[in-house]
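Data first, discussion second: the structure below is written as structure tokens.
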Amino acid sequence: MHDVVIVGAGVTGLTAAWRLAEAGRDVVVLEARDRVGGRLLTERHGPADFEMGGQWLAPDQTALLALLDELGLPTFARYRTGQSLYLDKAGVARRFDDELPVPEATAVAIETLTKALDALTAEVDPQRPWNHPDAERLDRISFRAWLEQQCDDEEACDNIALYIGPAMLTKPAHAFSALQALQMAASAGSFSNLVDADFILDRRVAGGLQSVSLALAERLRERVRLGVDVEHVDWDEHSATVHAAGAVVGARQVVLAVPPPVLRRIRFSPGLPAERRMAQDHQSFGLVIKVQAAYETPFWREQGLSGTGFGPYQLVHEVYDNTPEGDDRGFLVGFVSDVNVDSVDRLDEVARRARVLGSLAAYFGDAARDPVHYVESDWQHQELTGGAYGSTFDLGGLSRYGEALLRPVGALEFGSSDVAGHGFLHVDGAIRVGEEIAARVLGRTP
Ligand code: FDA
């Protein structure tokens, strides 16, 4: 019998495993896929590497920064020299430096909403948002309805909704609560931080963010077993046994390091407590397609553009220069989110590519229609993930079930970036959750 079995070799599972192994525990990691990294993946397409999952890090993501340091992984800054673009409702591309080029009244309304959100966010503990004195009321109202209660400028509401809805939770702002929006903002320190692309999308890891998982797996060596899809877990207060095709592994504790919706694939004996199952059932994945296009040159830079663009009414609602450090070619990365995913997912590959590149052309002109390479990553089609970037609660779910998602059950611990406080839905959060689980297993207060 092992000390600990960890199910899932994403950053959460690998971090927990490495901290436990360092402390001398006998630990095994079982991963269903034939690779480590989960929602982190660097793939070669043509003559270039593309990050298909997570890629950016922010200066306040200190758990990730410390681990990068420990693993000796260098970072580089996102290219951001030049003007950004804002596409208005009529599809007109307007250049700007700092302030969105919107009508004066809309700019004032955006500033007022930002101040209100910063003030409320400062009162919310991202680790325990349900403790806010007004948590139940804020969890009962959708973020969109909350915005419309504060402000009657539609374009201001559309822009603020975009930052947390399509851009972060990848759900329409009517599908999650104001409290869930506040937790997202609080997890990044403030609403202003979250909407500041220069902050939240500051740097990348040379060679890709998946290097974090690869470096941890290299240290864990034969403790990581790939291609083991855990189907069934028998558990009690003191131990658990994990079953997969061709493998039965026992341990004093089992860590399920998978996002809550993916836990539904696993059967438990005895069944999990009802509150735990309800909590999982009220969390669902958002949807986003990450689209990347490589060009012979970064032609937008010659026009004084940074490659950054926002368009709340566009198919590709945000776009950035994604050129790897030292590369002479030009790379753009954009995102198609939530209900827009539904519409393009029904198209065939050729038609979808044409629509996406048409949206990039609305930002950067016709040159954007003709990339050398075009790559999409759409995680909803992978059963072992089920969406992107992460999973969040439906209306009322966070205040009702949030705490239950954090609670261990008998010999079982649960965790992923989707239950993090600081770094919620980010790799920083996955590391924090992995370290907290390891500390609990070791009997230390995290
Ligand atoms: P993760 O889902 O990675 O790992 C779970 C693992 O469990 C997987 O490897 C899965 O195969 C395995 N598993 C599931 N069921 C199993 C079973 N029954 N048996 C065995 N194994 C099983 N973050 C960030 O910080 N910056 C960014 O720029 C982005 N951008 C971004 C873009 C896209 C497209 C995506 C999809 C995600 C991001 N993210 C991000 C989010 C980030 O990638 C994510 O928060 C973490 O990688 C999640 O790590 P976890 O280990 O918590 O879960």
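Remember, it's 1-based here, ligands and their atoms both numbered in the order they're listed. Values below: all heavy atoms of this structure, side chains included; hydrogens, waters and symmetry mates excluded.
- Neither the backbone nor the side chain of Val36 has a heavy atom within less than 4.0 Å of ligand 1.
- Residue Val262 approaches ligand 1 through these ligand atoms, each under 4.0 Å from one of its heavy atoms: 14 (C), 15 (N).
- Distances from ligand 1 to the non-hydrogen atoms of Gln61 include no value under 4.0 Å.
- Using a 4.0 Å cut-off to heavy atoms of Arg265, the atoms of ligand 1 that qualify are 18 (N).
- With a 4.0 Å heavy-atom cut-off, ligand 1 is reached by no atom of Leu14.
- Look at Lys290 and Asp378 and you find no salt bridge, because none of the NZ, NE, NH1 or NH2 atoms lies under 4.0 Å from a carboxylate O.
- Considering only heavy atoms from C-beta on, Gln180 comes within 4.5 Å of Leu169 through its side chain.
- Using cut-offs of 30° and 60° on the angle between ring planes, the pair Trp300 and Tyr295 is perpendicular.
- The residue from Gly387, Gly37, Ser417, Gly423 that puts a heavy atom closest to atom 46 (C) of ligand 1 is Ser417.
- A salt bridge between Arg265 and Asp229 is present, with a side-chain N of the basic residue lying under 4.0 Å from a carboxylate O of the acidic one.
- At the shortest separation from atom 24 (C) of ligand 1 among protein heavy atoms lies His426 CD2, 3.5 Å.
- Contact annotation: Ala257 has at least one heavy atom less than 4.0 Å from an atom of ligand 1.
- Counting only N and O atoms by type, the side chains of Arg39 and Ser416 include no donor and acceptor under 3.5 Å apart.
- Close contacts of ligand 1 with Leu30, meaning ligand atoms under 4.0 Å from a residue heavy atom, involve 20 (C), 21 (N).
- Aromatic ring orientation, Phe299 versus Phe364: perpendicular (interplanar angle above 60°, classes split at 30° and 60°).
- For atom 36 (C) of ligand 1, the choice among Ser213, Ala388, Pro259 with the nearest heavy atom turns out to be Ala388.
- For ligand 1, the polar-atom distance check against Val11 finds a nitrogen or oxygen pair separated by under 3.5 Å.
- Each of the following atoms of ligand 1 lies closer than 4.0 Å to a heavy atom of Ala32: 19 (N), 20 (C), 21 (N), 22 (C).
- Using a 4.0 Å cut-off between heavy atoms, Ile266 contacts ligand 1 through its side chain alone, with no backbone atom that close.
- Between Arg264 and Asp281, at least one side-chain nitrogen of the basic residue sits less than 4.0 Å from a carboxylate oxygen of the acidic one, meeting the salt-bridge criterion.
- Between Val258 and ligand 1, not a single N/O pair is under 3.5 Å apart.
- Here's the thing with Thr385: none of its N/O atoms is less than 3.5 angstrom from an N/O atom of ligand 1.
- Looking at Asp428 next to ligand 1, no N or O pair under 3.5 Å apart turns up.
- Given atom 3 (O) of ligand 1, the protein heavy atom at minimum distance is Arg39 N, 2.8 Å.
- Looking only at atom types and distance, the side chain of Glu51 has no donor-acceptor partner in the side chain of Thr42 under 3.5 Å away.
- Between Asn340 and the options Val344, Asp338, Val336, a side chain to side chain contact (heavy atoms under 4.5 Å, CB included) holds for only Val336.
- When ring centroids are compared, Trp56 and Tyr320 come within the 6.0 Å threshold.
- Of the charged side-chain nitrogens involved, at least one lies within less than 4.0 Å of a carboxylate oxygen, so that Arg80 and Asp202 count as a salt-bridged pair.
- Using 4.0 Å as the threshold, Gly53 has a heavy atom nearer than that to some atom of ligand 1.
- Salt-bridge annotation for Arg352 and Asp348: absent, with no side-chain N of the basic residue lying under 4.0 Å from a carboxylate O of the acidic one.
- Every atom of ligand 1 with a heavy atom of Gly8 under 4.0 Å away is listed here by number and element: 6 (C), 7 (O), 12 (C), 21 (N).
- Counting only heavy atoms of the protein, atom 12 (C) of ligand 1 lies nearest to Glu31 OE1, 3.3 Å.
- Annotation for ligand 1: atoms under 4.0 Å from non-hydrogen atoms of Arg33 are 8 (C), 9 (O), 10 (C), 11 (O).
- Within the structure, the closest approach of Val228 to ligand 1 falls below 4.0 Å when heavy atoms are considered.
- Geometrically, ligand 1 and Ala430 share no nitrogen or oxygen pair separated by less than 3.5 Å.
- Residue contacts with ligand 1: Tyr389 is placed with no nitrogen or oxygen under 3.5 Å of a nitrogen or oxygen of the ligand (distance criterion only).
- At a 4.0 Å heavy-atom cut-off, ligand 1 touches Thr12 through backbone and side chain alike.
- Remark: aromatic rings of His282 and Tyr401 are close, center separation under 6.0 Å.
- Residue contacts with ligand 1: Val230 is placed with a nitrogen or oxygen under 3.5 Å of a nitrogen or oxygen of the ligand (distance criterion only).
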